[in-house]
There are 2 protein chains.
Amino acid sequence: MSHPAHKNAKSMEIIIDLNAVIISIDPNNQGELTVLTIDKANNLLPWGQYDPMHHKTMEIGLRHWVKNLSGMMLDYVEQLYTFGDSGRFSYGDPNRHIVSTGYLAIVNPEIREQQPTSQWRNIYDFFPWEDFRNGRPPILDKFILPKLYDWSDGIETDQRIKLSFGSQNDVWDEENTVARFELMYEANLVFEAVRDANPDMSGEININEADTKLPTGSYMPFDHRRILATALGRIRSKVKYKPVIFDLMSNFFTLFELQKSTEAILGHRLHKQNFRRYVEREKLVVKTDEMQHQPSGRPASLYEFNKQLVGVANVVGLKIGNSSSAY
Amino acid sequence: MSHPAHKNAKSMEIIIDLNAVIISIDPNNQGELTVLTIDKANNLLPWGQYDPMHHKTMEIGLRHWVKNLSGMMLDYVEQLYTFGDSGRFSYGDPNRHIVSTGYLAIVNPEIREQQPTSQWRNIYDFFPWEDFRNGRPPILDKFILPKLYDWSDGIETDQRIKLSFGSQNDVWDEENTVARFELMYEANLVFEAVRDANPDMSGEININEADTKLPTGSYMPFDHRRILATALGRIRSKVKYKPVIFDLMSNFFTLFELQKSTEAILGHRLHKQNFRRYVEREKLVVKTDEMQHQPSGRPASLYEFNKQLVGVANVVGLKIGNSSSAY
DNA sequence: TTACTAATACTCAATTTGAGATTTAATGGA
DNA sequence: TCCATTAAATCTCAAATTGAGTATTAGTAA
């Protein structure tokens with residue numbers, strides 16, 4: 001069983017880009033969910049080409065690039081997705097084809113401090129329609145949904161829109177971030193779509209002014225925003241069945257902080273009493289005898305992650321049904 | 001923001017292999033879970049190289065290869081994982097590096113018939129330790145776990161083994177198929193590891209007889225068995241929260257058949273009465289007035305998937321906790 | 001007519017959920 | 001010092017879900 005040579009010698013060279021979505025919670029800004037960029041002006045994610053000569057696995061390559069670009073040593077890393085159609089942003093080189101693989105990394109507030117605050121960007125700047133913490137985002141009904149249905153070419157696309165955005169009676173599935181972003185891209189409702197449709201500009205902003213005024217959040221170079229959407233979907237799903245949230249927290253935290261962080265990930269509010277009942281019942285946390293005094297109100301107990309759970313199979317996450325009610 | 005040229009001109013050529021894990025249920029064999037191979041002798045999964053000249057996305061490339069090799073048009077397809085260290089099986093060509101991306105496809109019994117039965121192989125032939133339907137597989141305690149702990153080099157590896165195999169008090173997490181396979185590979189308990197350690201053989205069996213006698217199931221060329229492990233883990237997870245099971249069934253089925261298929265996926269038995277209560281409560285199925293007469297016993301009603309659920313967001317799957325008790 | 005088999009129906013205690021009301025411990029004026 | 005304010009922490013309770021049965025029914029074969 002030997003590996004056959006490529007059928008066709010004059011084929012394109014393939015290049016694999018490794019892209020890191022490094023997520024952390026901003027402890028100074030009421031627990032906002034943030035992502036690391038390496039270039040404030042352009043919102044570039046840390047990335048680099050995979051070079052099998054130097055790195056045995058793609059994940060090792062990714063860690064290398066992140067180390068190089070930011071000095072950070074990543075702990076938790078997981079592969080997200082490999083996009084083969086990165087050619088949807090064009091570089092003008094017909095002899096090379098770029099494939100991009102995204103990774104999700106999680107960083108706690110201590111590690112977070114190694115980077116300038118300005119490079120940590122609020123995730124919802126890129127997806128304003130994904131944040132239901134202050135009610136349903138008006139942009140959905142004022143802009144996105146009408147535009148999508150305008151663009152839709154029939155019942156099948158209507159169906160897709162309904163499935164992704166849960167219009168009307170159906171429920172919003174917060175994990176469906178990618179399907180929503182892809183639809184918006186196809187319908188030209190995000191800047192990247194406008195950019196990619198214009199072959200001679202590789203992301204530089206010299207596109208006609210009107211088109212850049214899309215109200216659908218900040219944009220990113222390459223397909224980085226699509227990768228970020230994948231990461232958001234993944235962490236929203238994961239937080240419900242694995243205790244990843246603790247990788248985002250400091251060693252000591254109040255239950256309220258824990259809740260705010262979870263809400264930042266899920267993009268909606270949770271019921272306070274039931275939230276704490278759950279984490280306590282599952283013994284995910286242990287109370288310390290330290291207290292945190294607030295400017296007003298009863299001081300909160302500080303908790304830590306139950307270290308006894310490290311290395312125990314089947315530790316569940318927060319087991320939160322999709323879209324709970326307000327707190 | 002133009003894409004920089006590769007730093008280093010004399011780098012290796014990268015080739016992307018696309019691999020399909022096509023899964024179906026064997027209706028003639030009490031609902032066994034099977035996978036399509038294109039080469040009975042070698043257990044080869046359908047695969048082909050990604051050629052961006054001809055296919056816009058990797059998924060389109062995959063569908064093309066499957067069509068080519070088997071004539072089948074795939075419906076449900078989802079990407080699994082991209083392995084960059086496929087170099088762990090060697091082809092002796094130091095100038096090319098192979099990356100492999102796995103896909104999961106699901107096929108119903110009608111489509112299944114298009115292929116010769118002999119090419120559909122029982123998934124548990126490749127993972128005998130994953131099947132708890134007739135109790136805990138003896139191979140775990142007789143061979144795998146003792147060998148793993150022998151091989152383990154300390155407390156940290158012990159921990160890894162415990163996490164993946166849930167030894168003793170901890171529970172078996174049926175979704176952890178990949179972690180288990182990877183450990184067994186590292187510990188040289190699967191044939192692929194022996195093969196890959198031997199650089200001048202590319203999968204042909206001329207390795208010393210003793211090593212091929214590993215009792216850990218049939219093996220596959222390349223890293224196909226690792227990809228299959230990824231697929232099994234994914235479908236085990238997915239069946240619990242999305243109604244994928246119906247893509248594996250004929251249009252009409254009894255609740256018992258539905259249960260057997262689910263058990264084949266999960267690798268353990270379920271409680272019969274509760275299973276039917278669940279699918280009925282969630283209105284996943286609709287009773288028809290057809291009956292299926294068995295050789296003995298009361299005839300069973302035929303059901304069909306509730307078509308009203310097509311296109312409804314948030315349809316849940318079978319919501320089965322990890323490892324239920326016997327039926 | 002009777003044994004046998006499997007589908008279907010029903011039961012019931014124990015848990016878990018969803019949504020609250022109530023109590024407690026702090027702070028900062030009047 | 002006392003009181004309003006704030007948020008943590010505790011407690012309540014009905015409704016829904018789960019886990020693990022027992023009981024009944026509709027067929028087949030002897």
Side-chain angles (χ1 to χ4, degrees), chain A residues 30-31 133 171 240-241 249 252-263 266 268-304 314 316-327, chain B residues 30-31 171 240-241 249 252-263 266 268-304 314-327:
Chain A
Q30 51 215 33
R133 286 173 298 173
V171 237
K240 294 175 195 160
Y241 65 90
M249 305 300 292
F252 301 97
F253 47 82
T254 68
L255 293 185
F256 191 64
E257 286 166 353
L258 189 68
Q259 182 183 342
K260 285 294 145 193
S261 303
T262 308
E263 291 176 350
L266 294 176
H268 68 240
R269 290 277 151 85
L270 298 168
H271 185 282
K272 186 166 174 172
Q273 297 90 325
N274 294 348
F275 180 83
R276 58 162 52 241
R277 174 172 69 185
Y278 184 76
V279 293
E280 288 181 325
R281 170 155 41 80
E282 291 295 319
K283 299 199 171 49
L284 295 172
V285 295
V286 174
K287 194 190 260 186
T288 68
D289 32 54
E290 299 293 305
M291 291 293 212
Q292 189 181 86
H293 289 253
Q294 330 286 144
S296 78
R298 180 174 174 170
S301 289
L302 283 171
Y303 287 75
E304 60 184 330
N314 276 38
V316 296
L318 299 173
K319 224 184 218 175
I320 296 149
N322 282 15
S323 59
S324 293
S325 62
Y327 77 123
Chain B
Q30 50 215 33
V171 236
K240 295 174 195 160
Y241 65 91
M249 305 300 292
F252 301 97
F253 47 82
T254 68
L255 294 185
F256 191 64
E257 286 165 352
L258 190 68
Q259 183 183 340
K260 285 294 143 190
S261 304
T262 309
E263 291 176 350
L266 294 176
H268 69 240
R269 291 276 151 85
L270 297 169
H271 185 283
K272 187 168 173 170
Q273 297 88 326
N274 294 348
F275 180 83
R276 59 160 54 242
R277 176 173 65 186
Y278 183 75
V279 292
E280 288 182 324
R281 172 155 38 81
E282 291 295 319
K283 300 202 172 46
L284 295 172
V285 295
V286 174
K287 195 190 262 188
T288 69
D289 33 52
E290 298 294 304
M291 291 293 212
Q292 190 181 85
H293 289 251
Q294 330 285 146
S296 77
R298 178 172 174 173
S301 288
L302 284 171
Y303 286 75
E304 61 184 329
N314 276 37
V315 183
V316 295
L318 299 172
K319 224 185 216 172
I320 294 149
N322 281 16
S323 59
S324 293
S325 62
Y327 77 122

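The sequence lines fix the lettering, A, B, ..., with proteins before strands; numbering per chain opens at 1.
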Residue B/Q30 excluded, over 12 heavy atoms near CD under 6.0 Å = no

inquiry  = For B/M291 and A/Q294, find the nucleotide of DNA chain D closest to each by heavy atoms; which residue's nucleotide sits nearer the 5' end?
reply    = A/Q294

inquiry  = I want to check one thing: is the phosphate of C/dT8, taken as OP1 and OP2, less than 4.0 Å away from some side-chain N or O of B/S301?
reply    = yes

To the nearest angstrom, how far is [X] atom [atom1] from [N] atom [atom2]?
| X | N | atom1 | atom2 | answer |
| --- | --- | --- | --- | --- |
| A/L258 | D/dA7 | CG | C1' | 17 Å |
| A/Q292 | C/dA25 | CD | C1' | 15 Å |
| A/R281 | C/dT15 | CZ | P | 11 Å |
| A/F275 | C/dG18 | CZ | C1' | 16 Å |

message = In the structure I gave you, are the side-chain heavy atoms of B/M291 and B/S301 within less than 4.5 Å of one another anywhere?
response =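 A side-chain contact exists here, since the closest heavy-atom pair is under 4.5 Å.
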
key: Student check: side-chain heavy atoms of A/Y303 and A/M249 closer than 4.5 Å   = no

query = Which residue, B/R277 or B/L255, contacts DNA chain C at a nucleotide closer to its 5' end, judged by nearest heavy atom?
reply =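 The 5'-side residue here is B/L255.
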
Among [options], which nucleotide has an atom closest to any side-chain atom of [X]?
| X | options | result |
| --- | --- | --- |
| B/Q273 | C/dA19, C/dT17, C/dC10 | C/dC10 |
| A/R276 | C/dT17, D/dT10, C/dA25 | D/dT10 |
| B/H293 | D/dA9, D/dT28, D/dT17 | D/dT28 |
| B/N274 | D/dA9, C/dG18, D/dG19 | D/dG19 |
| A/Y278 | D/dG27, C/dT5, C/dT17 | C/dT17 |

query = Would you say the side chain of A/R298 and the base of D/dT6 hold a donor-acceptor pair, judged only by whether the two atoms sit under 3.5 Å apart?
reply =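 There is none.
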
inquiry  = Determine whether B/F253 and B/K260 satisfy the following criterion, side chain to side chain contact (heavy atoms under 4.5 Å, CB included), listing intermediate values before the conclusion.
reply    = CA-CA 11 Å; B/F253 47 82; B/K260 285 294 143 190; over 6 Å; no

inquiry  = For a quick check of understanding: with a heavy-atom distance under 4.0 Å over all strands, which category does A/T254 fall into, base, sugar-phosphate or nothing?
reply    =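 Answer is nothing: A/T254 stays at 4.0 Å or more from every strand.
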
key: Point-to-point distance, once rounded to the nearest 0.5 Å, from CG of B/L270 to CD of B/E263   =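 Reported value, rounded in 0.5 Å steps: 4.5 Å.
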
